[in-house]
Structures are given as structure tokens and as C-alpha cells.
Colleague: 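Quick one: structure below, then a few questions.
So you know, we letter chains A, B, ... as the sequences are listed, proteins then strands, and number each from 1. Below, each value reflects all heavy atoms present in this structure, side chains not excepted, and no hydrogens, waters or symmetry copies.
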Amino acid sequence: MSTTSALEQTTLDELAEIAARYPEKRSGLLPMLHLVQSAQGKVTPEGIQACADILDISPAEVSGVATFYTMYKRREPGDFHVGVCTNTLCAVMGGDEILARLQEHLGVGNDETAEKREGDAHTVSLEHIECNAACDYAPVAMVNWEFVDNLTPDTAVQLVEDLRTGKEVRSTRGPRLCSWREVERVLAGFPDGRADEGPSAGPSSLVGREIARERGWSAPPGAASGTTGTEDLSASEAAAEADTSRAESETVEADVESTVEEPSDD
Amino acid sequence: MTDTLTPVLTEPWGVDRSWTREVYESRGGYRALDTAFAMSQDDVIAAVKDSGLRGRGGAGFPTGMKWSFIPQDASTEAGRNPKYLVVNADESEPGTCKDIPLMMANPHVLVEGVIIASYAIRAHKAFIYIRGEVVHVIRRVQNAVREAYEAGHLGTDIHGSGYDLDVVVHAGAGAYICGEETALLEGLEGRRGQPRLRPPFPAVAGLYASPTVINNVESIASVPSIVGNGAEWFSSMGTEKSKGMGIFSLSGHVKRPGQYEAPLGITLRQLVELAGGMRDGHELKFWTPGGSSTPLLTAEHVDLPLDFEGMAGAGTMLGTRALQLFDETTCVVRAVLRWTEFYKHESCGKCTPCREGTWWLVQNLARLEKGQGSEEDLDLLLDQCDNILGRSFCALGDGATSPISSSIKHFREEYLAHLTHGGCPFDPARSTAWASSQQEVTA
């Protein structure tokens, strides 16, 4: 797994298949780079060349894209890549402490892979990540981009030990964890059949819904379809109501500049 | 008078296998599609306009109006070009956590909304751009799209209407800036995610220089209920200019963090009461109404209506209704420094005020947080903000200044306390999720 092998023909075919999903093939580049990572564990010079050949662009153009996005790696992560959220909300709720404990426990800095000990089944790498849209479960970590919610320093250490020693670990809102390379293949648009694993939602996602049920609250009953209601707004009135000045200026410009259908002007 | 909470989009989330087509259809799913197909495209747009739905991704622009900007006149080049719908599922604004659970639990409502919206704007190809770091959400949406094809909700001659639509689920690769709609289009075209100059606007020249509507997940997911129940049903919820229900995301030092779907205009006081209050023995210190890019508010502001106008009146924005709540154990300087480091990291580098400015903001703030520097550095910070706000290429730079200027406005003394104290006067251990339980154990 550690050495880069040549891209197989099936991978090259799949790269071309991704490009063909789009009206313009270059649109396939982001998922194609995910597939390169799935096949080779990182973005390799060979993978960059293969993408460039399929898309008729230069390797430099592919590299320019690969270096812009943080999920593309130039060193292969561990079998399980742990990302601890240290954006403000998670950091305050304990993410900083969790990251520090894990760095100390694993003996690694940011975006590094811990040494594989004798008897370990898998390797684990660690990085700090930005907000991953799970703030109601803070502090949160992602393992191979699956949610592990409501961590503490102790449960985080237990988590990485379970991963290293080969115990089965499940995402708190997702499936049994699979390898980083397997996940990269899903991101390339090749489903792995695990969509039905895990719950509909975690407990925090459901609190408002549960309170509404307890109190008998609901949205108004649906009426028959009807389209009367508030009168049309002109674009400039809409802009005046949009809640950013930027949206306002752009809308007004759009109204003046564009040749598009005139909004009704009451 | 509508109820305090009005679960519509969140209502099916607790249902067993809610993400499957079988369950979605058993609860009435995909019926709004037939209602839409029985209407003209312009009538669908009119219904969404009449509902008062405003974009749920932060800016609050009227969704139906956005759709009406798509040129349909075949005598113009833009009108003849293919039209595209792009769903912005890049949810990355710090504190925002509504679209991810929505797509995980109820992906079919998004797919149905995509079909109706695409039909309305006469698009035959739609893209759902999901941030890459949420693989299970991507699985669920991929699966929903596959199931929709199998049932004839996607593909050719959908429901015998003669209308064709293909949907591609596209995974991003880690870049906050791709939540900005033109940067998202760059990502979708296989390029570095750097925003585009406007005009031309995406409605005229978006994806592949063709007319494109870009809508947030929650906006699109609201469409089936509007078409199915009528515009008046939707506009019966909310306030005068902020109609309908929205998902409010509570996080931080509150007893029951989570997702609360309510009519726009609910107050933070109401929401925190529903959430059981702040954690025991602590009180609210500061909060964001709609993510880190919306200026901070304090305990003084808890009775303001959480709608577009109410928040604008307080000098902030409703944003994504990402209510991050911090109690008095939290150092506001630490919080703001961390957000600023985020903006510096995520600045795409295209324009100088943002690329250089966010770097200088971090330098200055980091010094203050360590208790170094002087009171004049606060003025310097505000001056730096003044050189970024309104001078950057896109809203990322604007957003980077919000936490700084608002925190200096409300908590100037706390900045100064770092200087007199020679460092941060707060103990970060007291803010953690496990701090209160430890205190209870030792008590």
C-alpha cells in the first residue's frame, strides 16, 4: 500500500468515465483526483499526467487544482485519517484539548501518520480540520470523513487505539468505518452500497422535532395549491430587502445590466 | 397564529429509513412533482415568488426572482443556451449544520426540489455540489438520485410529462470558498475555486457561460412543500418580509443543542428556553446569528426577531441561522482569533485585500491575545478591517472582518484585559463540554 504502483487500465477507464458525466469533461477533475487518491493513496505525478491526458489540459493545470483543495494529499494518510475540528465552536467545547491529547498520544504533528506499532492492524494519521457542519455535536472529529460526534479526550484516545488495533468502529451517524482509499472512491462517484447503514439522524438533529411532538406543534395544515399571495417585488425592492449590501449592489447591477426578462414592476 | 416550532423539512428525520424512496413516497413524496408538471413553468416560478421564499444559504435573496432572471427568450443567445441548476451543498460556514443532516435524513426532498426547480427554469441538467468531507451524506444523496432514476422521477419523459432531467452528484475537495457561488462554479468546472468577477451574473453566464441558478440545499428542499401546499401556506408562516419556516441550528453552551425548525422571526430567547437554557450555572455571553461571518450579538439581543430585517436592524445578518452560543467562560478574543485564522487559511488568494489583510489580522490579533501590544492596536485592527470590508473580491473578506469589529464594539474591555493581564485571563478548560460535569462530580 505504501509504494505507488502504476495506474491500472481499469482506473484509467474509470477516470474517463468520470469525465464523461459532464457536458464539459474538465468538470470531472475534482472527482477524478479523488479516484487517483483511491487508487494510489495520494495525488501522484502519474495520476496528474493521466488526468491531464484525458482532459486535454497541461499537468501544471491539474497540479494547480490539486494544490488548491485541502482534501488532496501529496503524502499518503493513514488507513484511518482522523480530523479533529478546531474551528472556534468545537475548539472552545474541547477540540483543542482533544487535538493536543491525540498529538501527544500518537506522537505526531499536524497532517502526519503515527508510527505503526508491532501488532497494529492499521495506521492512523491526524490533522486539525475546519468546521465540518456538525456543531450541534461538538466537539467533533471526522474519521475518513465520517462523523464521530461528542468526543472527549479519553474517548478520542480510545477511538484511535481501536482503529490501530483493528477493532470494528462505527461512525456515530454513519456506517462501519472503511479505509481512506475506499472512501475516496465514493467521493469519485462510485457508490459502495453503504448508504443504508447508520441512522436517519443523530439525537441532536432531532431535538426540535421531538419538542414539537411533545407539545403538539406542527406546521399549518397544507392548503390546496394556490398561487395568489404577496405581490411581486421589483428587483430593486428585493435588493433593498436582501440582508447584505453586497447582494443589494449586485442585484441592482443585474437589473440594469442584464438583458434578462424584466421582473414585474409594481 | 402558527406554532412555535413548525417541522416540515425536519419532520421525517426520525422516521426509520427516512432516506429511502419507499419511505419518502409513503409520506407523500414526489406528489408535488405532478402538481408542478400540471402548471406552466412560469406559474411554478410565480408560486415560489408568491411564497416569499428567500435564499436559505445566507444572503436571503428571493428564490423565485432568481429563477425569473434566467433568460428564456429564444431570440437571444443567452436564451438559446442550455440552462443549469446547481445546488450549493458546500455547507462550510462555521456554525452552520443544517443542510448536512437534511441531506442525510431526507435526500429525496432535495431531489424532488431539484426536479421542480429545473423544470421551472427549463434546465435539463442539474448538479448537486456537496462538500467532500461528508462522505455519508454523499452516499445518501447518490443513493437518492439512483432511486429517483429507477422510479422514473429522473431521466427522460419524467412522469409522462415530456420533461427530461439528468442530475449529477459532485463531491468537492475541501475549500470553504466554494460556498461562494461563482467559486463553486469554478470548482464544478474543474478549476481552482476562485470567485469570478460579476457581471456577468450566473443567471446570464454561469456554468459553462450558460444561464445558471445556484440555490442552497434548504431553499431547494423547501420548494416541494411550497408547490404541494401552495404559496399562501408557506407565507402564512414567518414575518412580514421573512416568510416561511427555516432550520435554526443551536450549538455551544446550551443544554440541548440541535436543529429547531421554526417560522422566521422566532427569538433566541424562545429557542434557548426550548433548548432547556444555557448549561447550569452559566449565562449567555455572545452569539452568532448566522455563522461566523455575521457580526456577534450579546445577551442584550435575545429578544430580537430572528428574521432578515430584525438582524439587519441590529447591524448583523440572519445568515444561515447558525446560532453558536458561548457562555461567560469563553474568551471572546480567543474565539475571534480562531475564526480569523480560519479566514486566513480559506482566503483563496485571488485578491490582495483579503489574502494579505487576513494575514495581518491574524498577526495583530495573535499578539493581542498573548497580551502584547497596546490599546492602539485595536484601532489598527479596525483600520485593517476597514481596508478589507467592501474592498475584497467576494464576501469572504467582508465576513472575516465581522467577528473582529463586532467583538471590539461589544467587548473592548476584554481585549484591554489581555493587555493588563499580560495574556488571556480565561481558563479554556472551563469552556469545554466536560467542564460542568467534572465540577458536578467534584462538588
Colleague: Should Glu309(B) and Arg54(B) count as an ion pair when the cut-off is N to O under 4.0 Å?
Modeller: yes
Colleague: Under a 4.5 Å heavy-atom cut-off, does chain A meet the side chain of Met245(B), its backbone, both or neither?
Modeller: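 Neither; nothing under 4.5 Å.
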Colleague: Could you go step by step and tell me if Met32(A) and Val62(A) meet the side chain to side chain contact (heavy atoms under 4.5 Å, CB included) rule?
Modeller: CA-CA 10 Å; Met32(A) 287 165 75; Val62(A) 177; over 6 Å; no
Colleague: Between Asn144(A) and chain B, which part of the residue has a heavy atom less than 4.5 Å away: side chain, backbone, both or neither?
Modeller: backbone
Colleague: Not counting sequence neighbours, which residues clear ring pair (Phe, Tyr, Trp, His ring centres under 6.0 Å) with Phe68(A)? List them please.
Modeller: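 If we apply the ring pair (Phe, Tyr, Trp, His ring centres under 6.0 Å) test to Phe68(A), skipping adjacent residues, there are no hits.
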Colleague: For Asn132(A) and Trp145(A), what are the C-alpha separation, side-chain angles and deciding distance, and is it a side-chain hydrogen bond (donor to acceptor under 3.5 Å, both in side chains)?
Modeller: CA-CA 9 Å; Asn132(A) 222 88; Trp145(A) 309 118; over 6 Å; no
Colleague: Hey, which of Ala219(A), Ala212(A), Ser200(A) has the most heavy atom pairs under 4.5 Å with chain B?
Modeller: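 Of Ala219(A), Ala212(A), Ser200(A), Ser200(A) has the most heavy-atom pairs under 4.5 Å with chain B.
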Colleague: Please classify the contact of Val134(B) with chain A as side chain, backbone, both or neither, using a heavy-atom distance under 4.5 Å.
Modeller: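 Answer is both: backbone and side chain atoms of Val134(B) are under 4.5 Å from chain A.
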Colleague: Applying ring-ring contact (aromatic ring centres under 6.0 Å, His included), run through Tyr129(B) and His170(B) and close with a yes or a no.
Modeller: CA-CA 5 Å; Tyr129(B) 186 112; His170(B) 182 96; 5.1 Å; yes
Colleague: Considering only heavy atoms, which portion of Ile138(B) lies under 4.5 Å from any heavy atom of chain A: side chain, backbone, both, or neither?
Modeller: side chain
Colleague: Check each atom of Phe127(B) against the heavy atoms of chain A and say whether the ones under 4.5 Å are side chain, backbone, both or neither.
Modeller: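 Interface part for Phe127(B): side chain.
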Colleague: Which answer fits Arg146(B), side chain, backbone, both or neither, if we ask what part of it has an atom under 4.5 Å from a heavy atom of chain A?
Modeller: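 Nothing of Arg146(B), per the 4.5 Å heavy-atom cut-off to chain A.
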Colleague: Checking heavy atoms, do the side chain of Thr329(B), its backbone, both or neither come under 4.5 Å from chain A?
Modeller: neither
Colleague: Residues in ring pair (Phe, Tyr, Trp, His ring centres under 6.0 Å) with Tyr137(A), at least two apart?
Modeller: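 So Tyr137(A) forms no ring pair (Phe, Tyr, Trp, His ring centres under 6.0 Å) with any residue.
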Colleague: Examine whether an atom of Phe234(B) lies under 4.5 Å from a heavy atom of chain A, and if so say whether it belongs to the side chain, the backbone or both; otherwise answer neither.
Modeller: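 Phe234(B) has no heavy atom closer than 4.5 Å to chain A.
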